Every structure is written in C-alpha cells, then in structure tokens.
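Have a look at the structure below before the remarks.
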Amino acid sequence: MGAILDESINSHFLSKPKLVMHFDNGREDRRIPFVLTNVTHIDGKCFFSGRYVYSLNYLFWKTRESYMPFNMYFNLSFADFYEEKIDVNLTPELLETDDKNYKLEIHGNHYDFYPDRRKILHSPTARFFVTFVNDIVKIIEFFIAVCMLPLFVLEAILRFTGILNLPARFNDESAVKRFLAYIVWRFSRVSTTDFSLWKVKRYIFCRCFDLYTMRKIKDNKITFISLRRDDLSGNFAFVYDKLKDDKSLDINFILNDHTITEMSFKEIREFTKACATSKVVILDEFTPQIHYINLRRGTTLFQLWHACGAFKTFGFTRLSKPKGSPQPTRNHRSYDYVTVSSSYCKKCHSEGFGIATDKVVATGIPRTDVFFDEEYKQKAREKFFEEHPGFIGKKIILFAPTFRGMVKETAFYPTEMFDINEVCSQIPDDYAIIIKHHPFVNDVQPIPEKYADRVIDLSEDNELNDLLFVTDVIITDYSSLVFEASLIDIPMIFYVFDLEKYINERDFYFDFKLYAPGKIVYSTDQLIEAINREDYCTERIKPFAEMFFDKRDGNSTQRVVDLIYDSLGNKKIIN
C-alpha cells in the first residue's frame with residue numbers, strides 16, 4: 001500500500017493514479033505497471049493498494065541470458081504526467097521474491113535484485129533428467145491414448161448420431177471436420193499431446209527457421225512483413241518509396257493476413273527464410289509468428305507501429321485487463337526499434353511492448369508526411385469529388401468510430417447507436433456524411449434510401465487519410481484517427497456512449513475527458529445539438545497536436561529511412 005500526502009496535488013488527477021515499476025540492469029531498462037486493485041480518498045489524501053505476481057525471468061529479453069543484477073524503484077503517474085518522480089511514500093508493505101533464485105535488498109524506496117544464474121538455469125545434468133522423465137511420461141500417455149483410440153471413435157459416432165450430446169465447441173460447417181476434430185481432442189486429453197493444426201504448424205515453422213539459419217544473413221536484404229494489409233500501403237508505402245531507387249538493396253515483401261494456422265507450407269518457407277536471412281525486418285502490426293522464433297543477432301527488427309500517438313492502452317500496459325498481454329510472454333519483446341510520433345509516447349510504447357526506452361525512437365510516423373504535402377492534398381480532394389460529385393459544395397462529416405470487442409475475430413460496432421435517419425433528419429440539408437468503419441468491422445451500416453444522396457459508406461476503402469482532406473467535421477470515439485486530424489486542425493466530436501465501460505475494459509494513457517481534442521457527447525441528441533451549434537471545442541486541438549507530434553515538418557519517412565540505413569551499417573541517405 002502507498003499513500004500520497006502532498007495536498008498540492010489535486011485529488012481530481014489522482015482518481016486513477018498509476019504506479020510503474022522501473023527496472024534497470026545497466027544495459028536495459030524496463031517499465032512494468034503495477035496492478036492497483038483499490039484507490040481510496042480520505043481527508044484529501046489518496047491511498048492505493050494492489051497485488052500481482054511478476055516473473056523476474058521475463059523482465060529483460062536482449063540481455064536475459066546474462067542474468068545481471070538489477071535495481072527497481074516505483075514511479076507515480078497521473079493525468080498527463082507519465083512516470084514522474086513525485087515525492088510520495090511508495091514503500092510497499094510486502095515485497096518478496098523466491099529467494100532460491102533471486103536475493104532482494106531494500107534501501108529505502110530503492111530495491112536491488114541479485115539473480116543466481118546457476119540456480120535459475122539449473123545444471124545441464126538436472127535439465128537432462130527433467131526433460132528425460134517428462135518425455136518418458138508423454139510416451140506412456142501417448143501409447144495409452146493409442147490403445148483407447150477405438151473407444152474415442154465409438155464415442156464420436158454416438159455423439160454425431162445424437163445418442164450423446166456433442167459439445168458446442170465443435171461447430172465447423174463440415175461434418176467430417178467436426179468428427180475428426182472431436183477424436184483428436186479426446187486423444188489429446190488423454191495423451192496430453194496437443195495435435196492441433198496450430199501446434200503442428202508452429203513446430204514446422206520453428207524448425208524451418210532453424211534450417212534457414214544455416215544460411216548467411218544478406219547484408220543488403222530488407223523484408224517488409226504485414227499481417228494487416230495485402231497491398232503496399234500505409235507506412236510501408238512511404239518507406240519503400242524512399243528505398244526503391246537504391247539498386248544495392250534486396251527488398252522483399254510478405255503481405256497477407258494469414259495466421260500461422262492458415263499459412264500454407266510455401267508461405268511458411270518464405271516467411272522463415274526471409275526472417276533468417278534478412279539484415280532488417282520491418283513490421284507494422286503485432287505479428288505473432290515473429291515471436292515464435294529467436295531472430296539472429298545480426299538481424300534488426302523494426303516495428304513501424306501503424307497508429308500515431310499513445311491513445312488507448314495496449315500490450316503489457318493492460319496487465320489484468322480483459323485480453324491484456326500477461327507479463328511472462330515473448331510477445332513484442334523482440335523489437336530492436338519502435339518508431340513513434342513524439343517523445344511523450346516513448347515511455348508508453350516502452351511499457352506497452354516491454355522493451356528498453358532507448359529502443360523507442362521519436363522519428364514521427366511516415367504516413368503523416370502527406371499532411372504537409374499541399375500537392376498531394378489537392379490531388380486527393382480532386383479525386384474524391386470526381387468520384388462523388390454529389391458531395392461538391394456540401395459540409396462533409398466523417399463518421400469513423402473504432403471497433404468494439406477485443407480481437408479481430410469478434411470485432412463489431414453497434415450500428416444502431418448511430419441512427420442515420422435521426423441524424424440526417426435533424427441537421428441541415430447541406431451536410432453530407434461519409435461512413436468509415438474500422439477494417440475489423442464486418443457489419444454494414446444501413447443507409448436509408450431517402451438519404452442515399454447524402455450518405456456514403458467507404459469502409460472498404462483502404463486509405464483513411466485521404467478522406468480527411470475533404471472532411472469538415474469528424475465524429476469518432478476512441479479511434480487513433482484523432483492524431484492525424486489534429487495535424488490539420490479538423491473539428492471533432494467524440495460520441496462516447498460507452499465511455500466508462502471502455503475505460504474499465506481498455507483504458508487510456510491520459511485522462512480522456514481532459515485531453516480529448518474536441519467536444520465530448522454521450523447521446524444522439526447531444527451529438528445533433530453539437531453539429532447544429534457548431535460546438536466543437538476546437539481550442540483543444542493545438543495543445544493535443546503539440547503533445548503527440550515533436551516535429552510537424554513532413555520528414556518523418558526520411559528519419560525512419562536514416563535509421564534503417566544505420567542498421568544496415570550504411571550511412572547513405574536518399575533525398
């Protein structure tokens with residue numbers, strides 16, 4: 001339990017304080033959030049408490065094998081003050097480690113950890129016997145399961161003929177696949193050996209990568225990998241445009257949205273070969289396949305994260321949240337560089353990805369360079385009005401909310417919450433609406449026939465940025481679109497009918513109500529009133545843009561390319 005006794009700190013900002021544990025081993029640092037379970041205000045003072053079990057073995061990744069001594073201290077953050085060393089009492093009532101592997105010394109609010117590398121790794125002899133015994137047990141279980149296989153087939157027949165109920169989890173459209181899946185499931189329950197397609201392909205994926213590591217890394221080879229897009233767009237397009245004229249480079253692309261289960265064996269070979277032989281690998285989204293393997297020391301992994309700024313929490317920041325990344329996991333730990341839009345974002349991304357702060361670089365986001373290119377903006381406007389001449393002379397509203405749900409497979413937007421009939425009937429006729437749902441959302445927004453000349457759905461279009469150049473007002477909720485919009489000063493309305501629920505399940509890196517760069521509304525009536533009054537709270541936009549963009553000069557792509565060349569060991573810069 002910790003307490004804040006300084007009365008000069010406004011308790012309003014401490015309604016949701018945050019504790020961050022800062023670890024440092026001299027070569028890498030880590031920021032891990034401490035999970036708070038209770039926050040209490042008494043007589044102007046703030047008390048908070050929490051309990052969580054952390055795996056010290058998973059703190060450091062690049063220097064993990066060394067198991068060096070490291071220290072820790074707590075930082076407090078609130079509102080837009082992210083990890084400030086505020087003079088408060090943050091001494092825990094209880095802090096302990098497994099003293100067989102880690103020794104702990106406490107010096108006031110400073111803690112020193114001393115790992116026993118020999119005990120953590122165990123002796124080679126002990127590891128051999130543990131592995132040997134486990135393998136023997138698995139072999140015995142496997143043969144027992146083989147002997148019981150006829151019983152599993154008989155049980156499957158009884159269930160598929162309706163004599164016994166079939167568990168709801170087996171819902172594939174193909175009856176044959178359901179039948180075989182049930183038998184495999186029963187077999188794996190007895191043998192404790194998982195024969196799922198995902199497990200098999202992951203094993204093949206890892207062994208295929210091991211095979212290709214026998215080849216040399218090509219010093220000029222760059223591979224772009226995206227599971228987010230199947231075409232060259234977004235940040236990739238801007239970076240490639242700067243690199244494509246350099247004939248000394250071997251540039252490759254893997255662009256599809258296949259999970260490892262959906263990958264063909266040819267795709268597995270291409271993916272693993274690229275990862276094993278490239279000097280630089282560039283991502284733009286969470287790519288789980290990368291984290292199944294240990295990239296070679298000569299390969300540099302870039303994460304050109306697709307979103308600007310630091311808005312919604314992600315990764316390890318969401319410890320204990322629904323679908324949040326657990327602390328002991330490999331996810332995101334492999335990145336050598338993450339490019340972000342501002343220095344303010346560095347600590348957020350360092351914490352979210354579980355990587356060292358100095359590996360997060362405020363280059364700016366390549367795809368935002370178009371916001372400083374007047375010729376590009378003019379061409380985008382001309383193209384839009386050629387394709388949609390009915391919108392010429394209209395005040396254009398862009399409705400672009402993000403999705404609900406935690407993952408792509410379950411993503412949705414409650415379209416009934418944005419009633420086009422109600423909105424269009426109560427705003428002036430010179431307003432037109434563009435609907436642009438998140439790519440994860442498959443639901444179609446119904447457009448009444450009588451408003452077909454004023455409302456269009458462009459959710460299938462890839463490039464959202466181009467729509468901003470014709471937009472007069474944005475209606476959104478928690479979309480990172482607000483960062484791009486702030487660069488060109490577009491008025492915004494935040495229609496957040498489920499704000500409290502969203503905060504509890506996902507949360508933000510800053511106080512949403514204080515820093516959202518526009519008008520916040522909670523109902524359709526408030527939304528319509530804001531449009532009719534042109535009440536957009538535009539004074540919030542400039543401070544927001546200054547916080548999340550260090551450099552607004554149209555040279556973000558160049559800074560990323562310079563970093564790539566530096567990783568290639570080549571100081572050459574293309575202008």
Side-chain angles (χ1 to χ4, degrees), residues 220-257 278-287 300-309 335-342 345 349 360-381 383-384 436 439 461-469 479-488 545 548-568 570 572-575:
N220 67 335
K221 186 173 181 179
I222 300 174
T223 300
F224 292 81
I225 299 177
S226 178
L227 303 184
R228 184 180 178 84
R229 62 190 81 248
D230 57 8
D231 62 344
L232 192 60
S233 56
N235 288 328
F236 279 6
F238 288 89
V239 172
Y240 174 69
D241 191 57
K242 288 280 188 180
L243 297 172
K244 65 183 181 182
D245 294 328
D246 187 344
K247 303 304 180 184
S248 69
L249 297 178
D250 177 9
I251 302 177
N252 301 267
F253 300 95
I254 298 175
L255 307 173
N256 61 58
D257 61 354
S278 294
K279 183 70 173 177
V280 170
V281 175
I282 305 175
L283 313 175
D284 68 342
E285 173 66 283
F286 172 51
T287 309
T300 302
L301 181 62
F302 281 80
Q303 174 61 267
L304 307 187
W305 194 242
H306 56 278
C308 292
Y335 305 146
D336 292 294
Y337 291 107
V338 174
T339 56
V340 296
S341 61
S342 75
C345 303
H349 285 75
V360 183
V361 187
T363 57
I365 307 301
R367 61 183 176 78
T368 64
D369 285 351
V370 296
F371 292 99
F372 306 92
D373 186 336
E374 294 302 324
E375 182 180 353
Y376 181 94
K377 288 192 284 187
Q378 182 58 33
K379 288 182 178 179
R381 283 191 285 264
K383 179 183 177 183
F384 176 84
K436 183 74 167 72
D461 288 11
N462 286 331
E463 196 48 64
L464 175 60
N465 281 355
D466 287 358
L467 297 178
L468 297 182
F469 304 135
S479 171
S480 60
L481 165 71
V482 298
F483 295 103
E484 290 88 338
S486 72
L487 284 174
I488 50 178
F548 289 106
F549 293 95
D550 284 353
K551 299 181 178 69
R552 297 179 291 281
D553 56 7
N555 293 317
S556 296
T557 305
Q558 187 61 61
R559 286 186 284 273
V560 172
V561 168
D562 290 347
L563 195 59
I564 292 172
Y565 269 109
D566 187 54
S567 298
L568 290 170
N570 185 347
K572 177 180 177 182
I573 296 176
I574 298 177
N575 294 313

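Along the sequence shown, the residues carry numbers beginning at 1. All values reported here derive from a predicted model rather than from experimental measurement.
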*Would you say Ser341's side chain and Gly364's backbone share a donor-acceptor pair under 3.5 angstrom?*
no
_Spacing of OG belonging to Ser342 relative to CZ belonging to Phe483, to within rounding of 0.5 Å_ = 8.5 Å
*Do the side chain of Thr287 and the main chain of Glu285 share a donor and acceptor less than 3.5 angstrom apart?*
yes
*asked:* In this structure, is the centre-to-centre distance between the rings of Phe469 and Phe371 below 6.0 Å?
replied: yes
*Could you walk me through whether Cys308 and Glu484 pass side chain to side chain contact (heavy atoms under 4.5 Å, CB included), step by step?*
CA-CA 8 Å; Cys308 292; Glu484 290 88 338; 3.7 Å; yes
*Taking C-beta and beyond as the side chain, do Ile254 and Phe224 meet within less than 4.5 Å on heavy atoms?*
no
*asked:* Rounded at 0.5 Å granularity, tell me how far CG in Leu304 sits from CG in Asn235.
replied: 5.5 Å
*Which heavy-atom pair separates Leu468 from Ala485 by the least distance, and what is that distance?*
CD1-N, 4.2 Å
_Assess the residue pair Leu301 and Val280 against the criterion (side chain to side chain contact (heavy atoms under 4.5 Å, CB included)); give the C-alpha distance rounded to whole Å, side-chain angles, the decisive distance to 0.1 Å, and a yes or no._
CA-CA 6 Å; Leu301 181 62; Val280 170; over 6 Å; no
*List the atom of Lys221, the atom of Thr223, and the distance in Å for their closest heavy-atom pair.*
CE-OG1, 4.0 Å
_pair Val360-Tyr337: side-chain heavy atoms closer than 4.5 Å_ = no
*Only one of Val561, Asp562, Val560 forms a side chain to side chain contact (heavy atoms under 4.5 Å, CB included) with Thr363, so which one is it?*
Val560
*Start with the C-alpha gap between Asp284 and Ser226, add the side-chain angles, then the distance that decides, and say whether side chain to side chain donor-acceptor pair (under 3.5 Å) holds.*
CA-CA 6 Å; Asp284 68 342; Ser226 178; 2.9 Å; yes
*So, do Phe253 and Tyr240 have ring centers that fall under 6.0 Å from each other?*
yes
*Using only heavy-atom distances, determine whether the side chains of Thr557 and Asp369 contain a donor-acceptor pair under 3.5 Å.*
yes
*Arg367 and Val370: which non-hydrogen atoms are nearest, and at how many Å?*
O-CG2, 3.4 Å
*Where Ala307 and Ser480 come nearest, the two heavy atoms and their spacing*: CB-OG, 3.9 Å
*Between atom CD1 of Ile225 and atom OG of Ser278, what is the distance when rounded to the nearest 0.5 Å?*
7.0 Å
_Derivation and outcome, side chain to side chain contact (heavy atoms under 4.5 Å, CB included), residues Trp305 and His349_ = CA-CA 10 Å; Trp305 194 242; His349 285 75; 3.9 Å; yes
*If you round to the nearest 0.5 Å, how far is OG of Ser479 from CG of Leu464?*
7.0 Å
*Under 3.5 Å: donor-acceptor pair, side chain of Asp250, backbone of Asn220*: no
_Counting C-beta onward and ignoring hydrogens, is there a side-chain heavy-atom pair between Phe384 and Leu467 closer than 4.5 Å?_
yes
*So do the side chains of Leu227 and Asn256 get within less than 4.5 Å of each other, counting heavy atoms only?*
yes
*Could you walk me through whether Leu249 and Tyr565 pass the side chain to side chain contact (heavy atoms under 4.5 Å, CB included) check?*
CA-CA 10 Å; Leu249 297 178; Tyr565 269 109; 3.7 Å; yes
*List in chain and number order the residues that pass side-chain contact (heavy atoms from CB on, under 4.5 Å) with Glu374, two or more places apart in sequence or in another chain; answer none if no residue qualifies.*
Lys377
*asked:* Does any part of the side chain of Leu283, heavy atoms only, come nearer than 4.5 Å to the side chain of Val281, both counted from C-beta?
replied: yes
*Under the salt bridge (charged side-chain N to carboxylate O under 4.0 Å, His left out) rule, collect the residues that match up with Asp553, sequence neighbours excluded.*
Arg559
*When you measure from the side chain of Ser567 to the backbone N and O of Leu563, does any donor-acceptor pair fall under 3.5 Å?*
yes
_Taking Gln558's backbone N and O only, do any of them form a donor-acceptor pair with Asn555's side chain (distance below 3.5 Å, no angle check)?_
no
_Is any side-chain heavy atom of Ile222 closer than 4.5 Å to one of Ile564?_
yes
*At what distance, to the nearest 0.5 angstrom, does NE2 of His306 lie from CD1 of Ile365?*
10.5 Å
